[in-house]
Protein chains: 2
Amino acid sequence: MASLTSGKTRPIRLADIAKAAGVSHGTASNVFARPEIVREEVRERVKAAAEAMGYAGPDPKGRLLRAGKVNAIGVATAEPLSYFFDDPFARVMMASISQACDATGAGISLVSAANNEQLAWNIQSALVDGFIVFCIEGGSRAVELARERKLPFVALDLDSEDETVSAIGIDNIAGAGLAARHLAELGHRRFAVLALESADAGFGPVTQEQVEASALYSGTRDRMRGYLAELSRFGIDVSQVPIYETLNDEKTVRAGLEHIFALPQRPTAILAMSDRMALDALDWLREHDITVPGDVSVVGFDGVPEGAVSKPPLTTVAQPIAEMGRLAVKAILEHDGSHQRLLLPVDLVIRASSGPAPA
Amino acid sequence: MASLTSGKTRPIRLADIAKAAGVSHGTASNVFARPEIVREEVRERVKAAAEAMGYAGPDPKGRLLRAGKVNAIGVATAEPLSYFFDDPFARVMMASISQACDATGAGISLVSAANNEQLAWNIQSALVDGFIVFCIEGGSRAVELARERKLPFVALDLDSEDETVSAIGIDNIAGAGLAARHLAELGHRRFAVLALESADAGFGPVTQEQVEASALYSGTRDRMRGYLAELSRFGIDVSQVPIYETLNDEKTVRAGLEHIFALPQRPTAILAMSDRMALDALDWLREHDITVPGDVSVVGFDGVPEGAVSKPPLTTVAQPIAEMGRLAVKAILEHDGSHQRLLLPVDLVIRASSGPAPA
DNA sequence: GAAATTCCTTGGATCGATTCAAATATAAGC
DNA sequence: GCTTATATTTGAATCGATCCAAGGAATTTC
């Protein structure tokens, strides 16, 4: 019936119910935003009109423009959206970010995209008060875009040389050093490294020089430096250590292990730059009847919860993930125009995936 | 230097650079929104002005109001925000929702809150084009709030009787029936049920009648009906089946098992209304040297990936989670004013946590 | 009863863009 | 040179609210 009067039903605006109730739009707005300052009789009349016309309440779109603040923070990454729910590291980080947001009543918008163009658009048009940028791999593009929005933003886990971007990261060199020393002290002398991306090139065996040369992905580079510096200290010829670069997924990790274990000198210790790789490695080794830590020791990096319940439990370099998330949210919400650059300490967590080198 | 002229630096607006470049704001807008229709010379001039003044690009806040569409969907739940990243079921669902969103370029806003008041505000002020409401437990409040926004929304997994809300759910009765029959056919006769909430009351042992009486939480009620109906069919006196209601967390599941295994008649089969509970149960049983499925069989509900890799792998009633997520996004984005009510089929996945009843 | 308070209400300004009909400039056609 | 077609640009209107200075009515004070 009602729809007969007008073909398309324009959504009801605050002005509509103001007119219907015979008050100014200012008063109508007050009924919703500060009900205590409007006379009860009027308030009821306006509410009744709103009810009668099926008003959905003040549209946040309108409020937003006036208020200026969205009360939400964007979490951006160059990975596809599902990364936030699939990747163990991202999940722990997101859980802590969302806890911090919950505490302050801020919402979370996930910003991401498969391709670069879409990512640019999504970051440019995200309705947020600031960004937390996940820079796990190839995030520098996202950082650039976030910077262009001129909103507060923090880069996570990007050890960018650029002092003008706020960043919260960890000491990758020291962390990698802890892992390498741990294994060396257990007597291991034949190592292999499962590396994260060092360039957008893809995956496969790489040399130390290639990793070093990559200006991007300083996390990868620094972990590599940390590993190799510490191994050298134990008199190991690091030029002989095979390095295999993966895409941090099961497929390429498996390919890497196939490669590494086909070499004449099998390693007794594997340094993996992420727990995700390390856990995939444990699976592969088990399937190939290579015992851990009997034949081969494995040390991961990140400290995700899955590592505590894997078979065997994973020795790893634990990042203070929860702390990083909390600090990132704090940095956005309490942004004062300055740039923060925090380097958090890491912690070696020794579990059962590492043991003495075989005799 | 620049800041000396004005104490507070108002953000630069499109109008500012239009003035600086000596063009109308209409033209300035076109430079960013439809660059191809403005003469190159002018375009460059405007861009130069924007660059010089440090313009961050058109503010989405302004665009939003004009355009009307946010291009983001809200995912709402009455649980805290971290639920999206902690809960196995939610994670799988979110992964599929985010994949569907990625494909269409839509963003995701997570909407949630610890307390009811905050939840109301968050839902009322969320900048989204529609809602997907997670109704796992006590979600009816969120559904009400979403409905008031008069935006398209879909309830997930709420088997609400209200035909006027769009919902995508599963056949809980049939699913529960599959689980119960499977165990009964394996010879089990002594059962226990780990139930989800049936009222906001909390946790503890409950009776069949109590569950039946709860108008809320129809999912819990229907799964219970499915279990008990099928067990009756095998001649089992369902009034003797202990039912323990949990909060779907480790603590209350453990309390439930303590209770159940302290009863004079120990069960040989446990029906859990969620995989999360079932997995916690497996842990508890292992710790108490009760072998699965030798002493006790366990069947879960949901079909989360963790169930495939647990010790032992979990027999469960698998929901088509990915399909549900995809359909939910589709329902929001292609909303045509009608109400969808989809009941999807479930699937019994038999793994190693269920076996013949002990002799 | 006039003046001073207090309490509500009004209507215009504003937030920052987009859109579109109309105006103007430029090029093309005869 | 005049008309017609095409390419750009303009400026007003709009999106949906919030905020605030100013005005009006009711109440209190002297």
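Numbered from 1 within each chain, the chains take letters A, B, ... in sequence-line order. Keep in mind it's a predicted model, so treat the numbers as computed, not measured.
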Checking contacts here: which listed nucleotide ([options]) is nearest the side-chain heavy atoms of [X]?
| X | options | value |
| --- | --- | --- |
| A:S29 | D:dT18, C:dT9, C:dT19 | D:dT18 |
| A:V23 | D:dC19, D:dT10, C:dT10 | C:dT10 |
| A:I37 | C:dT18, C:dT9, D:dA17 | C:dT9 |
| A:R34 | D:dC19, D:dG16, D:dT8 | D:dC19 |
| B:H25 | D:dG16, D:dA13, C:dG16 | D:dA13 |

Is the closest basic N to carboxylate O distance between [X] and [Y] below 4.0 Å?
| X | Y | result |
| --- | --- | --- |
| B:E51 | B:K47 | no |
| B:D16 | B:R13 | yes |
| A:R43 | A:E40 | no |

Would you say the ring centers of A:F89 and A:Y83 fall short of 6.0 Å from each other?
no
Can the ring centres of A:F84 and B:F85 be said to be less than 6.0 Å apart?
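A:F84 vs B:F85: aromatic centres not under 6.0 Å.
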Can you find a donor-acceptor pair, distance only, under 3.5 Å between B:R66 side chain and D:dT14 base?
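Such a pair is found, so the answer is yes.
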Using only side-chain N and O atoms of B:R39, determine if any of them is under 4.0 Å from OP1 or OP2 of D:dT8.
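Result: no.
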Has A:T27 got a side-chain N or O lying under 4.0 Å from the OP1 or OP2 atom of C:dT9?
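For C:dT9, OP1/OP2 do not have a side-chain N/O of A:T27 under 4.0 Å.
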Within this structure, what is the [atom1]-to-[atom2] distance between [X] and [N], rounded to whole angstrom?
| X | N | atom1 | atom2 | answer |
| --- | --- | --- | --- | --- |
| A:E40 | C:dC8 | CD | P | 11 Å |
| A:L14 | C:dC15 | CG | P | 20 Å |
| B:L127 | C:dC15 | CG | P | 19 Å |
| B:N30 | D:dA7 | CG | C1' | 13 Å |
| B:R63 | C:dC15 | CZ | P | 19 Å |

Donor-acceptor check, side chain of A:N30 to backbone of A:V38, threshold 3.5 angstrom: yes or no?
no
Mapping B:A67 and B:R45 onto DNA chain D by nearest heavy atom, which one lands closer to the 5' end?
B:R45
Most 5' of A:L65 and B:E41 on DNA chain D, judged by nearest nucleotide
B:E41
For B:G26, which contact category applies under a 4.0 Å heavy-atom criterion: base, sugar-phosphate, or nothing?
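Here B:G26 touches the bases of the nucleic acid.
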Within residues 46-62 of chain B, the residues having a heavy atom closer than 4.0 Å to DNA chain C are B:Y55, B:G57, B:P58, B:D59, B:G62
Would one find more than 12 heavy atoms of other residues, nucleotides or ligands at under 6.0 Å from atom NZ of A:K19?
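Result for NZ/A:K19: open.
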